[in-house]
Amino acid sequence: MSTTPKTSASADPGRLPVTLPRLAEKKRLREAIVMVTAYDFPGGQVADAAGADVVLVGDSAAEVVLGHDSTVAVSVEEMLMLSAATRRGVRSALLVADLPFGSYEVSDEQAIATAQRFVKEARADAVKLEGGGAAQLSRIRAIVGAGIPVMGHVGLTPQTATALGGRRAQGRTAGRALALAAQARAVEAAGAFAIVLEAIPAAVAAAITPLLEIPVIGIGAGPDTDGQVLVLHDMLGIYPGRAPRFAKQYVELRSQMIAAIGEYADDVRARRFPAAEHTFSIDPRELDEFLAELVGNV
Ligand code: KIV
């Protein structure tokens, strides 16, 4: 492990911070917005260095980092810890933290208090919450009213997937697509600065996107949204066969990680590691003195 001090590293150190007006401008100029999840310091660093516009500390952490089988299991404390670590790696991208299940549903006051923790303790720039019903719209208005930017999320909302009949595509009938469009508009009207559309037909997302002034970020929503988001671990291929079909895997890191650890294990067993360059030395006279004393005293 490196002993050099840890600082945020960006591929473009001159890159300006991504602000909410900059994201709005990207939509106006039809420049695609790049969003990716990250859950820790190195993840935040590489996402930022790769030039992501938005880094989301998603509650997908429950599954991809903590090994649960659903996003509902992650706690506020866990998300705060992961968000704060990611923050230390992100210099330019806008950092959005997901409000976990159970941390904002009870009341507007609960939602404001939780959102404030993510800003104060984890230094998130904004928070994201799922849903476009009356209660969630009230939460969005309340958090925005407290001065904290909110990203919405409709379509497949994993926190309430059971109520949606499972993790399946949404908005696949005219009536359901219309209801989704209405939810998206309501989320915008409630004050969200952007919205995620998850797992909806591409043609439905293409029709909703120009109806909204705020940026629309798609995942499993086709190519015509204003931007895209992917879960880091799906993109990097860290799991065997876990990724949903709408996720693109850019590299298969799992086998590379196993091969690297296997090589290390072989080196240790064959006593090839550590080599001279991994080893500290001691002045021979100090060593002689140490050995002489050791034999006499221990
Ligand atoms: O938790 C998450 O990673 C998300 C993205 C899939 C948008 O909400």
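Atoms within each ligand, like the ligands themselves, are counted from 1 in listed order.
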> Could you walk me through whether M81 and E78 satisfy the side chain to side chain contact (heavy atoms under 4.5 Å, CB included) test, starting with their C-alpha distance in whole Å, then the side-chain angles of each, then the deciding distance to 0.1 Å, before giving a yes or no?
CA-CA 5 Å; M81 190 266 282; E78 288 165 335; 5.8 Å; no
> Please list, in number order, the atoms of ligand 1 under 4.0 Å from a heavy atom of T37.
3 (O)
> Side chain, backbone, both or neither: which applies to E130 and ligand 1 if a contact is any heavy-atom pair less than 4.0 Å apart?
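The answer is neither; E130 stays 4.0 Å or more away.
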> Need the ligand 1 atom indices (1-based, order shown) with element for anything under 4.0 Å from a heavy-atom of G58.
1 (O), 2 (C), 3 (O)
> Under the side chain to side chain contact (heavy atoms under 4.5 Å, CB included) rule, what do H153 and I195 come out as? Steps first, then yes or no, please.
CA-CA 5 Å; H153 182 161; I195 186 167; 5.8 Å; no
> At a 4.0 Å threshold, what atoms of ligand 1 neighbour a non-hydrogen atom of V231?
3 (O)
> So with a 6.0 Å cut-off around CD of E263, is the heavy-atom count from everything else above 12?
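Counting other residues, nucleotides and ligands, CD of E263 stays at 12 neighbours or fewer.
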> Under a 4.0 angstrom heavy-atom cut-off, which atoms of ligand 1 come close to D98?
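The atoms of ligand 1 under 4.0 Å from a heavy atom of D98 are 1 (O), 2 (C), 8 (O).
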> Can you list the ligand 1 atoms lying under 4.0 Å from a non-hydrogen atom of H153?
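Ligand 1 atoms under the 4.0 Å threshold to H153: 8 (O).
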> Is there a side-chain contact between I112 and I148, using heavy atoms and a 4.5 Å cut-off?
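SC-SC contact between I112 and I148 ruled out.
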> Do you know the tightest heavy-atom contact between K27 and I214?
NZ-O, 3.1 Å
> For K128, is the nearest heavy atom under 4.0 Å from an atom of ligand 1?
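K128 counts as a contact of ligand 1 under the 4.0 Å cut-off.
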> Atom CZ of residue position R167 - does it have more than 12 heavy atoms of other residues, nucleotides or ligands inside 6.0 Å?
yes
> With a cut-off of 4.0 Å, which atoms of ligand 1 are near a heavy atom of I219?
6 (C)
> Looking at non-hydrogen atoms alone, which of L56, V74, V36, L156 comes nearest to atom 7 (C) of ligand 1?
L56
> Say whether L99 and M151 are linked into one hydrophobic cluster, either directly or through other cluster members, by side-chain heavy-atom distances under 4.5 angstrom.
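In one cluster: no.
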> Please state which protein non-hydrogen atom is closest to atom 3 (O) of ligand 1 and give its distance, to 0.1 Å?
S60 OG, 2.5 Å
> Considering all heavy atoms of both residues, which atom of E188 and which atom of L211 are nearest to each other, and what is their separation?
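Heavy atoms of E188 and L211 come nearest at OE1-O, 4.3 Å.
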> Please check whether D59 reaches ligand 1 - meaning an N/O of the residue sits under 3.5 Å from an N/O of the ligand, judged on distance alone.
yes
